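Starting from 1, each residue takes its place in the sequence as its number. Just so you know, these numbers use all the heavy atoms, side chains as well, and skip hydrogens, waters and symmetry mates. From a predicted model like this one, the values you see are computed outputs, not experimental measurements.
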Amino acid sequence: VAAEAYPCLPAEVVGPINPADDLPNTEVAVSAAIASWRQMIDGITDSEGGYSVALVDPLIALSHCYQLASDWTGAEESLRLAQHLIHRHEGVRTLRQLEVIDRLTQIYVASGKSIEADREQQLALYVSQQNVGHDPSALVPAMLKLSRWYVDSGQFVRARKTVDDTIEM
């Protein structure tokens, strides 16, 4: 498996990794990637400041590494900081944060925090609603995504209501 399968891992760190193997080189590679991303983040912080928009993508990549290491707290903290920076530079209703929201949902599901996962998916719908303007049909993909979330998380009544609301638009 190449580096593409592990987007958090810089190509120079990865080498061949087989996720089916329970080899220590996978853990070593993830640990090395975490150190590499932290070093990059520290460098950007030193040169451009702690509120630089250039920190967003490395923070998202770092959170992915933390997810691979099952460090849910580290992953969440990295994503929350990335989201904060996105809000500072693009506003709190920007669509750019949808990737962060989806990753936070994954973290909350993996760590058993279903209420927080629900909250994130509802936030994704709200952000989408704030960006569609006067064309409600542009909201259909976001509504369907939320209804799929409800089905996947066993909330069938909410899924049905969301689908019904989507049809009525």
I'd like to check [X] versus [Y] (side-chain heavy atoms, cut-off strictly below 4.5 Å). Are they in contact?
{"X": "R160", "Y": "Y150", "result": "no"}
{"X": "R96", "Y": "H89", "result": "no"}
{"X": "V127", "Y": "L95", "result": "yes"}
{"X": "D102", "Y": "K145", "result": "yes"}
{"X": "S128", "Y": "L98", "result": "yes"}

**Request:** Look at D42 together with R38 and state whether they make a salt bridge at an N to O cut-off of under 4.0 Å.
**Result:** no
At what distance, to the nearest 0.5 angstrom, does [atom1] of [X] lie from [atom2] of [Y]?
{"X": "D118", "Y": "R158", "atom1": "CG", "atom2": "CZ", "result": "5.5 Å"}
{"X": "D164", "Y": "M143", "atom1": "CG", "atom2": "CE", "result": "10.0 Å"}
{"X": "Q129", "Y": "L139", "atom1": "CD", "atom2": "CG", "result": "5.0 Å"}
{"X": "Q121", "Y": "L104", "atom1": "CD", "atom2": "CG", "result": "10.0 Å"}
{"X": "H64", "Y": "R103", "atom1": "NE2", "atom2": "CZ", "result": "6.0 Å"}

Determine, using the 4.5 Å side-chain heavy-atom cutoff (strictly less than), whether [X] and [Y] are members of one ILVMFWY cluster.
{"X": "I60", "Y": "I44", "value": "yes"}
{"X": "I101", "Y": "V92", "value": "no"}
{"X": "V140", "Y": "W149", "value": "yes"}
{"X": "I41", "Y": "V30", "value": "yes"}
{"X": "L62", "Y": "W72", "value": "yes"}

**Asked** Okay, side chain of S147, backbone of L144: is any donor-acceptor separation there less than 3.5 Å?
**Response** yes
**Item:** Donor-acceptor contact below 3.5 Å, side chain H84 vs main chain Y51
**Value:** no
For [X] and [Y], which heavy atoms make the closest approach, and how far apart are they?
{"X": "A117", "Y": "T105", "result": "O-OG1, 4.0 Å"}
{"X": "L85", "Y": "G50", "result": "CD2-O, 3.7 Å"}
{"X": "G91", "Y": "T94", "result": "O-CG2, 3.2 Å"}
{"X": "L55", "Y": "G49", "result": "CD1-O, 3.8 Å"}

Check: residues 75-82 side-chain donor-acceptor pairs under 3.5 Å, at least two apart:
unit_1, atom_1, unit_2, atom_2, d
E76, OE2, Y108, OH, 2.6
S78, OG, G74, O, 3.0
R80, NH1, Q83, OE1, 2.8
R80, NH2, Y108, OH, 3.0
R80, NH2, E120, OE2, 2.7

**Request:** Flag yes if more than 12 heavy atoms outside E48 fall under 6.0 Å of its CD atom; otherwise flag no.
**Result:** yes
